[in-house]
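This report refers to the structure that appears directly beneath it.
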Amino acid sequence: MLMVEVIEKKRDGGILTTEEIQFFIKGYTRGEIPDYQASALLMAILLRGMAAHEIRDLTLAMAHSGESLDLKDVASLVVDKHSTGGVGDKVSLVSGPVAAAAGLPVGKMSGRGLGFSGGTLDKLESIPGFRVDLSVTEFKEQLREIGLVISGQSANLAPADGKLYALRDVTGTVPSLPLIVSSIMSKKIASGADAIVLDVKVGSGAFMKTLADAQVLAEKMVHIGQEVGREVTALISDMNQPLGCAVGNALEVCEALQTLQGGGPRDFREHCLVVAGEMLLLGGKVADAAAGKALAAETIASGRAWEKFRQMVAAQGGELRFVDEPELFPPARFVKEIHSTQAGYLARVQTAQIGMAVVGLGGGREKKSDTIDHAVGLEMLVEVGEQVEVGETLFIIHANDEEAQEIAVRRILGALHFSAEQVEPLPLFYQRIQ
Ligand code: URA
């Protein structure tokens, strides 16, 4: 089989066979198919789409591209949670420890930043020493010992996704439904979780811009998960503005720390409680979502969720003094408040632009080889629907380069749209799909 023929077939709108999909995934994982051919096929998939059975074949080929975890010897039921990607989305840092503190084993395989959206692994690596490259043995041991682990794919689980994810990030091939479904579900299948809560984002800071597209994405992921015997629930949530205030790796970790200690922004805290509540429901710890949310809130109020997070940091080699005293995180050199020059209601946010502004500051990757500057980012101080006066602080920008800071400020200001008319606040969630 020739890779160029597989590319041409998809370019011309053809349907790939199971063998062709397996050939691509095996060859690319082994390094036999070069990045340029893989990029061409990814772009053809983005432009032409895939039939349902192609998406399933791609997902399974990726899931089986490395080892698969069987966690039955560790726990009878392991829950995972995954977001389709957003701006300021640090929910896993809170919902994981919360669910684990309520007695539910949480084994999570996360990803890195992708396009304008941040990644849990990049965020966690803001904590000096924190390791995200656990081996399968380490993953299992930690899950057994403390009931919480968040690691990357380098543990040879779904390695095809690890490679494709990095390639998609820099080739404009992220917002493709088949590629998102296969990326997320291959990781989930390989990591052996029995129950999975999917946080499917919709809006200007999500890969799915309309509710209809988000519903299709959610349904496809739920369906594939159920086909392979997993319990899956999807929550469709709003991403028409950053979630919480902080956007940028270390800033987001600090906001997650505050939330785990009972503080944090209202929208973010509420979002985490709902997601954790859903994990507890799926994991059989509670009878309904409301009880799940209440139990989640109790783990924060009692300090158990915070303690669980600390245990995970210690187990993965992170320096605890940083989470205990977040002032120790190295600050960015240039921190500036940006004030509003107009009065009105914040009506609309081009949220992806905010994510890209942070990438431009060095908080994400423009090329595969780029290293991340963990200190940069912003704190958004206004929400959609909020009334703003002239001179009020809109956001605080953290940068390590003054020129990049100016560019980011212009980009963010251009992404905020005001109205003289009153504007309704945005909901947090739209729908639940099971
Ligand atoms: N998260 C993933 O793991 N993969 C995607 O493609 C998008 C979000």
Side-chain angles (χ1 to χ4, degrees), residues 25 28 38-39 41-43 45-46 49-50 54-56 58-63 65-66 80-93 95-96 107-124 132 150-155 157-191 193 196-203 205-209 213-214 216-218 220-222 224-225 230 232 234-237 239 243 252 275 351-352 355-356 359 364-365 368:
I25 291 300
Y28 185 59
S39 307
L41 182 62
L42 293 174
M43 187 57 83
I45 292 174
L46 179 134
M50 277 185 143
E54 287 179 289
I55 302 180
R56 193 205 47 228
L58 182 60
T59 306
L60 294 180
M62 286 165 67
S65 61
D80 194 351
K81 168 266 158 195
H82 203 89
S83 156
T84 56
V87 178
D89 179 1
K90 56 210 83 83
V91 174
S92 298
L93 302 183
S95 60
K108 173 156 171 52
M109 205 195 292
S110 284
R112 297 199 174 273
L114 201 54
F116 56 79
S117 81
T120 303
L121 300 182
D122 295 327
K123 293 172 201 185
L124 282 168
V132 295
I150 304 182
S151 179
Q153 278 122 305
S154 31
L157 296 166
D161 179 55
K163 287 188 78 176
L164 287 172
Y165 198 91
L167 192 61
R168 285 169 59 214
D169 190 20
V170 291
T171 54
T173 50
V174 172
S176 148
L177 188 137
L179 298 179
I180 296 176
V181 170
S182 53
S183 164
I184 294 181
M185 294 313 290
S186 63
K187 283 195 278 280
K188 302 299 103 179
I189 293 169
S191 67
I196 304 152
V197 175
L198 297 168
D199 189 357
V200 177
K201 305 282 181 200
V202 60
F207 299 123
M208 297 296 128
K209 305 292 179 205
D213 283 348
V216 176
L217 177 67
K220 287 214 181 311
M221 290 196 290
V222 169
I224 289 186
R230 313 295 159 98
V232 191
L235 300 172
I236 301 187
S237 68
M239 191 30 80
L243 186 54
E252 292 192 43
V275 170
T351 314
M356 286 317 289
V359 173
R365 290 177 193 80
K368 239 171 113 172

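In listed order, ligands and their atoms are each counted from 1. This is a predicted model, so every value here is computed, not measured.
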Discussion item. Any non-hydrogen side-chain atom of Val132 less than 4.5 Å from a side-chain atom of Ile150?
Written reply: no
Worksheet item: Hey, is ligand 1 close enough to His82 that some N/O pair sits below 3.5 Å?
Response: yes
Practice prompt. Kindly indicate whether the side chain of Met43, heavy atoms from C-beta on, has any atom under 4.5 Å from the side chain of Thr171.
Written response: no
Fill in: Ligand-side contact atoms (ligand 1) for residue partner Ser183, heavy atom cut-off under 4.0 Å
2 (C), 3 (O), 4 (N), 5 (C), 6 (O)
Discussion item. Students should be able to answer this: which protein heavy-atom is nearest to atom 3 (O) of ligand 1, and at what distance?
Written reply: Lys187 NZ, 2.6 Å
Fill in: Which segment of Thr84 sits under 4.0 Å of ligand 1 when only heavy atoms are counted
backbone
Discussion item. Any nitrogen or oxygen of Asp161, side chain or backbone, less than 3.5 Å from one on ligand 1?
Written reply: no
Fill in: Side-chain touch Arg365/Arg112, heavy atoms, less than 4.5 angstrom
yes
Worksheet item: Any side-chain heavy atom of Leu177 within less than 4.5 Å of one from Ile55?
Response: yes
Item to complete: Report yes or no: does a heavy atom of Ser83 sit under 4.0 Å from some atom of ligand 1?
Response: yes
Worksheet item: Is Lys163 close enough and on-axis enough to Tyr28, meaning under 6.0 Å and within 45°, for cation-pi?
Response: yes
